[in-house]
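Lettering follows sequence order; numbering is per chain, from 1.
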Protein chains: 2
Amino acid sequence: MPRNRVDGVIASWSHNCAAEVTVAVLGGAWKPVVLSLLGRNEVMRFGELRRAAGEPTPRVLTRQLRELEADGLITRTVYAEVPPKVEYGLTECGRNVQPLLDAMAEWGRDYAADVRRESAGGGADRENDPGDAAGR
Amino acid sequence: MPRNRVDGVIASWSHNCAAEVTVAVLGGAWKPVVLSLLGRNEVMRFGELRRAAGEPTPRVLTRQLRELEADGLITRTVYAEVPPKVEYGLTECGRNVQPLLDAMAEWGRDYAADVRRESAGGGADRENDPGDAAGR
DNA sequence: CGGGATCCCGCCGGATACTG
DNA sequence: CAGTATCCGGCGGGATCCCG
């Protein structure tokens, strides 16, 4: 059970926010995409997943998948045949994270829209003027 | 408007999941803690924030705060007095992210509990047995 | 008090090449 | 097809010291 990756984070969130655990689990370069793809496709083969995710290099995708597997979010099923065939799917934990992932995606979209808006539209910069705050 | 940090991520989530934007914004080492602290305290000074977060090094905390500011989540108010006084607070965007942060924290807690459970309790490992899957 | 300057290092992600 | 092996640059985070 090589869950050592997130273990450090889990161990030290006494004063930390538990959200850091979530970031540690979902924070890989291709993990959100992979999870959302598997959320819609039940099972996917390696190449299929790779193409759909946007052609990450095999090495990187492999590691992302192994980490997600070690963290208990996805399953990996190897079929002993030639040519090789490996199928990836979601565990229950992986399915449980979908609503959260959706919420994160929604916020991300809204945030990106905000950024675009203020980049394009006139910069309505608000200045903080402490002014008379020279107390003490 | 140095929002260049997340701009790259925002620009390239055509096939990606928008959740990556969220990770890019909240993905710093001390960002979740800072945001949740500011969510409960309205305004906080640098040292106050530092102690409450768990004593990160000033340099690191400063950068986290600058990034959050550049990303539009927090405000930074400098009072021109001696000794120096700087107060941090949430922008509207920073307040909007609180519910999501809570959801992430909740999932993180549940996940950590799951991990602890299966580490302690007997490993109820489920094996995948493709068995008769040698099709084609 | 609230940082900035400098140095360091581990890790993450990508490119390229090779294989059972 | 589904990876593995090797090399590499960048940067995120920490330690330590110094400053207005």
Side-chain angles (χ1 to χ4, degrees), chain A residues 4-9 12 16 20 23-34 43-71 74-89 130 133-136, chain B residues 4-6 8-9 12 16 20 23-34 43-71 74-88 130 133-136:
Chain A
N4 318 335
R5 222 178 52 83
V6 284
D7 273 357
V9 185
S12 67
N16 289 4
E20 300 195 353
V23 174
V25 176
L26 304 180
W30 303 93
K31 291 180 184 180
V33 207
V34 166
V43 291
M44 292 182 80
R45 300 185 55 175
F46 184 84
E48 184 184 5
L49 202 45
R50 186 164 119 84
R51 277 183 297 275
E55 301 283 325
T57 63
R59 175 190 178 276
V60 173
L61 180 59
T62 299
R63 209 184 23 173
Q64 302 283 312
L65 290 170
R66 292 290 149 85
E67 289 181 2
L68 285 175
E69 187 192 4
D71 292 346
I74 69 173
T75 61
R76 176 170 177 269
T77 311
V78 182
Y79 295 84
E81 55 184 65
V82 32
K85 175 178 171 183
V86 178
E87 282 184 347
Y88 293 91
R136 150 81 48 83
Chain B
N4 318 335
R5 223 178 52 80
V6 283
V9 184
S12 66
N16 290 4
E20 299 195 352
V23 174
V25 176
L26 306 181
W30 304 94
K31 291 179 183 179
V33 208
V34 166
V43 291
M44 293 183 79
R45 298 183 56 176
F46 184 84
E48 185 183 6
L49 201 46
R50 186 164 119 84
R51 278 182 297 275
E55 301 282 325
T57 64
R59 175 190 177 275
V60 172
L61 180 59
T62 300
R63 207 183 24 167
Q64 303 284 312
L65 291 170
R66 293 292 150 84
E67 290 181 1
L68 285 175
E69 187 193 3
D71 292 347
I74 68 173
T75 62
R76 177 170 177 269
T77 311
V78 181
Y79 294 84
E81 54 184 63
V82 33
K85 176 179 170 185
V86 179
E87 283 184 347
Y88 293 91
R136 154 75 64 99

What nitrogen or oxygen pairs link the protein and nucleotides 4-6 of chain C at under 3.5 Å?
from: dG4(C); atom 1: OP1; to: Arg66(B); atom 2: NH1; distance (Å): 2.9
from: dT6(C); atom 1: O4; to: Arg59(B); atom 2: NE; distance (Å): 2.8

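Residue Arg5(A) contributes atom CZ, which lies 12 Å from atom P of dC11(C) at whole-angstrom precision. Leu68(A) places its CG atom 15 Å from the C1' atom of dC12(C), with the value rounded to the nearest Å. The distance between atom CZ of Arg63(A) and atom P of dG13(C), rounded to the nearest whole Å, is 6 Å. Across the protein-nucleic acid pair, Arg45(B) atom CZ and dG2(C) atom P stand 4 Å apart, rounded to whole Å. Atom CH2 of Trp30(A) is separated from atom P of dG13(C) by 10 Å (rounded to the nearest Å). Here the C1' atom of nucleotide dC1(C) and the CD atom of Glu48(B) are 13 Å apart, to the nearest Å. Atom CD of Glu55(A) is separated from atom P of dG13(C) by 18 Å (rounded to the nearest Å). We find that CG of Leu65(A) is positioned 10 Å from P of dT4(D), with the value rounded to whole Å.
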- prompt: Is there a side chain to side chain contact (heavy atoms under 4.5 Å, CB included) between Val34(A) and Leu61(A) once you walk through the steps?
  reply: CA-CA 9 Å; Val34(A) 166; Leu61(A) 180 59; 4.0 Å; yes
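A distance of 8.0 Å separates CG in Leu49(B) from OH in Tyr88(B), rounded to the nearest 0.5 Å. Rounded to the nearest 0.5 angstrom, Asp71(B) CG and Arg66(B) CZ are separated by 13.5 Å.
In this structure, Thr77(B) and Val43(B) have side chains that are not in contact, with every pair of non-hydrogen atoms separated by 4.5 Å or more.
Here Gln64(B) lies in heavy-atom contact (under 4.0 Å) with sugar-phosphate atoms only.
Residue-to-nucleotide proximity on DNA chain D shows that, of Val86(A) and Pro56(B), the 5′-proximal contact is made by Val86(A).
The salt bridge (charged side-chain N to carboxylate O under 4.0 Å, His left out) check on Arg63(B) picks up nothing, with sequence neighbours excluded.
Looking at Arg5(B), its side chain does come within 3.5 Å of a backbone N or O of Ala24(B) through a donor-acceptor pair.
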